[in-house]
Structures are given as C-alpha cells and as structure tokens.
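Worksheet: the structure to be examined is printed underneath.
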Amino acid sequence: MDQLTLARPDDWHLHLRDGPAMAAVAPYSARQFHRAIVMPNLRPPVTTTERALAYRQRILDALPADSGFQPLMTLYLTDNTSAGEVRRAKSSGHIHAVKLYPAGATTNSDAGVTDLAKVDDTLATMAEIGLPLLVHGEMTRADIDVFDREKAFIDHQLAPLIERHPRLKVVFEHITTRDAADFVRSSGPNLAATITPQHLLYNRNAMLVGGMHPHFYCLPVLKRESHRQALLAAATSGSPKFFLGTDSAPHTKDAKESACGCAGIFSAHAAIELYASAFEQAGALDKLEGFASHFGADFYGLPRNKEQVTLVRQDWRVPDTLPFADDQGEAPLVPFLAGETLHWKLVT
Ligand code: NCD
Ligand code: ZN
C-alpha cells in the first residue's frame with residue numbers, strides 16, 4: 001500500500017503555548033488535524049472560563065481565517081476550582097474537558113491539585129454535566145521512582161477516583177506502560193486513554209544509550225521495550241478506548257539542550273506521519289483511521305470528521321530546526337526526529 005486515505009484526524013492532547021510561540025507552531029497542527037484538545041498549562045494557567053475563551057480567540061487569530069481548525073479548550077484544575085466554574089465552562093460550548101495535573105508532575109504544574117479530596121464536589125458536578133476529566137497520570141511523591149509513577153498513580157489515585165465517580169468520563173492521557181493499557185482495557189466505557197507517537201515508536205534506550213538525548217525526553221518518560229509493545233498492541237487493537245493524542249509540547253532548543261532540560265517533545269510537524277509509521281510497523285495500517293479519526297470524537301460526544309486526508313509513501317527529511325520563540329524573542333525549536341528520514345507524507 002503506497003497511499004492511505006482516512007477521515008481527517010483530531011489531536012486529543014496538544015500544547016500550543018501562547019503569543020509568538022503559539023503563532024509559530026499552531027499551523028503545523030491545523031494542517032493535519034481538524035480539532036485539538038488544547039492543554040491549559042500556560043503561565044498563568046488557564047483556570048477560568050474567561051481565560052479559556054480568551055485563549056481560544058488568540059489561537060484562532062493566529063491562524064488564517066480559512067484554516068478550519070477548531071481549538072477545543074480545557075480548564076486547569078486547581079484545589080480551588082469550583083463546581084460553578086465547571087458549569088460555566090460547560091455552558092460556554094467551547095470548553096470540552098478539565099485537566100488534572102498532580103502538583104509538580106510536569107511543565108507548569110505547580111498550581112496543580114494537591115489532594116483529590118479537595119475537588120470532590122467539582123468532580124461530582126463534572127460527572128453530572130458530562131464534562132470529562134483529563135489526567136496526567138503520575139504520582140509525584142519524591143520517594144516514588146520516576147519509572148514507577150504511572151503505576152503508583154493507577155493504584156493510589158485513579159482506581160479510587162473512578163470507583164468514587166463511576167459516571168465521570170476520564171481520559172488517562174499519554175499512557176506509557178502495559179499496566180496503564182491493561183487498566184484502561186479492563187475498566188468500563190467511561191475510561192479511555194491517549195497515546196503519543198514517541199511512546200509507540202521508541203523505548204527509553206532512545207533517550208539514554210550512547211549519550212543523553214534530550215529530544216527524546218518527555219513526561220511521562222519513555223519506558224522499557226515491553227511497555228512500548230503493549231502500547232502498540234493497544235493502539236492497533238481496534239478498541240475505541242485508545243485514541244490519538246500527540247502531547248506535542250514545544251520548548252526552545254536552548255531549554256531542551258540544557259543542564260536541566262525541559263520535558264516535552266515537539267511532534268506536530270509530522271504527527272500523523274509518525275503514527276502511520278508506528279501502525280505500519282505493527283502491520284495495522286487499517287486500524288489507523290479508528291485510532292486517529294473516530295474514537296476520540298466518539299468518546300467526547302462530537303461528530304466524526306467528514307473531510308478526508310491522504311498520506312503517501314514518500315521519503316522526506318525532518319528539518320534540523322524550525323522557527324520558534326520564547327519570552328526574549330525568536331529562538332529555534334528542534335522538531336522530533338530532526339535530520340531523520342520519514343517514509344510517509346501527508347499530501348496537502
Ligand atoms: C508537557 C509540556 O511541556 O507542557 N511536557 C511533556 O513532557 N509532556 C507537559 C505534559 O504534558 O506533561
Ligand atoms: Zn501534555
């Protein structure tokens with residue numbers, strides 16, 4: 001098969017940043033995806049409906065008027081997010097989920113939730129009104145090994161949470177382990193998961209063998225090969241509980257190539273092509289459309305996209321850097337697999 005046509009995909013987990021940085025990266029997502037769930041971990045975080053609607057407008061203003069891209073906004077859950085705020089969010093029509101970052105888990109997560117008991121009423125309200133909770137599934141206690149944090153989150157936080165709120169829709173974001181895939185598969189229909197391209201294509205050797213490779217560092221961190229295989233099996237299984245979420249998370253070259261490098265991999269320049277490579281490796285290109293274009297929309301209760309996109313088998317080289325910006329001004333970004341040759345290309 002040298003050509004692949006599927007319904008236009010959506011990205012159910014995306015970091016777009018803000019200001020000039022956002023203007024630099026948003027077109028890569030808009031080119032491939034019709035919609036994206038936009039993460040709220042800005043500084044300051046997107047904690048209110050008002051902030052989310054203003055952010056949505058800034059994203060739309062940064063794109064050409066005819067791009068057709070729909071940013072689906074999220075609220076950042078804090079210890080103080082009220083039931084009233086999530087009701088306002090839902091009735092705005094533009095806010096599609098609330099994101100839980102355990103405090104300290106990842107980039108810009110210091111305003112995150114310190115104790116789920118503090119937001120119990122808010123979670124009950126979300127279950128009632130049908131607003132999904134998206135979780136960064138890592139338990140951040142200092143004594144838990146970084147490679148065990150996802151499993152600890154399942155055992156100590158996620159399992160009790162879904163038992164307490166069985167009607168709450170939950171997306172376990174960017175899962176990285178066999179444990180997570182098994183847990184999602186064996187739970188009811190209100191729990192689903194997103195999977196990134198890097199976790200389908202690479203294990204932790206890519207990050208750590210032959211030197212430290214900061215452009216393979218993201219959170220949750222890449223795991224061992226047996227976990228990658230379990231994720232690939234889940235993504236290509238045809239189960240509607242697993243769908244596309246790139247977690248594309250741009251940082252400047254300097255911020256990544258540093259003594260304390262930032263977590264986050266920018267994959268939006270080639271996202272659907274990377275997923276196509278992973279599915280092809282598994283001999284499951286026929287399962288890509290469900291994962292990329294159907295199951296996420298179904299879970300969120302949104303219509304499936306009618307438009308189609310086509311990928312062709314064609315070698316192309318990923319650029320070494322792309323234009324980007326930080327607070328000081330222009331600064332380059334190193335895209336995922338910079339300098340490497342990819343074998344699928346989206347036709348525009
Ligand atoms: C994300 C970021 O940079 O905002 N980084 C990452 O490694 N994935 C935050 C996140 O989703 O954890
Ligand atoms: Zn993320």
Side-chain angles (χ1 to χ4, degrees), residues 10-19 21-22 24-26 29 33 36-46 55 71-77 96-113 132-140 146-147 149-150 153 170-177 180 193-202 204 206-207 212-223 231 243-258 260-268 271 274 296 324-327 331 333-336:
D10 301 302
D11 185 351
W12 302 98
H13 185 126
L14 175 65
H15 298 269
L16 281 178
R17 313 307 189 203
D18 208 349
M22 181 250 291
V25 296
S29 295
F33 299 110
I37 284 278
V38 179
M39 289 296 125
N41 63 332
L42 303 182
R43 277 189 195 284
V46 182
Y55 183 30
L72 309 178
M73 308 313 291
T74 60
L75 283 193
Y76 186 116
L77 188 67
H96 294 265
V98 175
K99 178 71 190 269
L100 163 69
Y101 288 101
T106 185
T107 308
N108 298 352
S109 64
D110 26 286
V113 172
L133 178 73
L134 315 182
V135 298
H136 181 109
E138 289 193 286
M139 196 164 175
T140 51
V146 70
F147 289 102
R149 287 182 173 195
E150 191 167 274
F153 180 83
V170 178
V171 183
F172 194 169
E173 298 288 344
H174 42 51
I175 59 168
T176 65
T177 57
T194 55
I195 310 181
T196 77
Q198 62 266 24
H199 291 99
L200 293 176
L201 288 165
Y202 294 95
R204 61 198 188 182
M207 180 177 60
M212 290 269 285
H213 302 277
H215 299 294
F216 285 86
Y217 175 57
C218 67
L219 285 170
V221 73
L222 294 174
K223 304 296 192 301
L231 298 173
F243 46 83
L244 186 158
T246 61
D247 193 24
S248 180
H251 293 273
T252 64
K253 183 172 193 286
D254 283 354
K256 293 288 296 174
E257 299 175 7
S258 146
C260 183
C262 291
I265 291 176
F266 178 75
S267 60
L274 292 165
F324 189 56
D326 61 13
D327 298 345
L333 162 71
V334 178
F336 192 47

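Counting convention: from 1, in listed order, for ligands and their atoms alike.
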- [ ] Could you please spell out the steps behind the side-chain contact (heavy atoms from CB on, under 4.5 Å) verdict for Met39 and Tyr101?
- [x] CA-CA 11 Å; Met39 289 296 125; Tyr101 288 101; 3.8 Å; yes
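Side-chain contact annotation: Thr176 with Lys223, donor-acceptor N/O pair under 3.5 Å present. Asp326 and Thr252 share no side-chain donor-acceptor pair at under 3.5 Å.
Residue-ligand proximity, Leu219 to ligand 1, at heavy-atom distances under 4.0 Å covers atoms 6 (C), 7 (O), 8 (N), 12 (O). Every atom of ligand 1 is numbered from 1 in the order shown, and the set under 4.0 Å from a heavy atom of Asp247 is 6 (C), 8 (N), 11 (O). Per-residue contacts place His174 under 4.0 angstrom from the following atoms of ligand 1 (heavy atoms of the residue considered): 11 (O). Near His251, meaning under 4.0 Å from any of its heavy atoms, are these atoms of ligand 1: 3 (O). Listed by number with element, the atoms of ligand 1 under 4.0 Å from a non-hydrogen atom of Gly264 are 5 (N), 6 (C), 7 (O). Set against the non-hydrogen atoms of His136, the atoms of ligand 1 under 4.0 Å away are 12 (O).
With Tyr217 contributing its side chain and Gly261 its backbone, the two residues share no donor-acceptor pair below 3.5 Å. A donor-acceptor distance shorter than 3.5 angstrom exists from the side chain of Ser248 to the backbone of Ala268, with no hydrogens or angles considered. Formation of a donor-acceptor pair under 3.5 Å by the Glu257 side chain with backbone atoms of Pro214 is not found in this model.
At a heavy-atom cutoff of 4.0 Å, ligand 1 is contacted by the side chain of Asn41 but not by its backbone. The parts of Cys218 lying near ligand 1 are both backbone and side chain, judged by heavy-atom distances below 4.0 Å.
Taking the six-membered ring for Trp and the full ring otherwise, the centers of His174 and His13 sit less than 6.0 Å from each other. Between Phe324 and Phe266, the gap from one ring centroid to the other reaches at least 6.0 Å.
Restricting Asp247 to its N, O or S atoms, the one at the least distance from the Zn ion (ligand 2) is OD1.
Proximity of Glu173 to ligand 1 is not established, as no heavy-atom distance is less than 4.0 Å.
With 2.8 Å as the limit, Glu173 does not count as an N, O or S neighbour of the Zn ion (ligand 2). In summary, His15 places an N/O/S atom under 2.8 Å from the Zn ion (ligand 2), meeting the contact criterion. Taking 2.8 Å as the criterion, His13 counts as a coordinating residue of the Zn ion (ligand 2), since one of its N, O or S atoms falls below it.
What sits closest to atom 12 (O) of ligand 1 on the protein, heavy atoms only, is Thr106 OG1, 2.8 Å. The closest protein non-hydrogen atom to atom 11 (O) of ligand 1 is His15 NE2, 3.0 Å. In this structure, atom 5 (N) of ligand 1 lies nearest to the protein heavy atom Ala263 O, 3.2 Å.
Here the side chains of Lys99 and Val38 are not in contact, with every heavy-atom distance at 4.5 Å or above.
The nearest pair of heavy atoms linking Phe33 to Asp11 is CD2-N, 3.6 Å.
Atom CZ of Arg149 is separated from atom NE2 of His136 by 9.5 Å, given to the nearest 0.5 angstrom.
Closest heavy-atom approach to atom 2 (C) of ligand 1 within the set Glu138, His13, Arg17: this belongs to Arg17.
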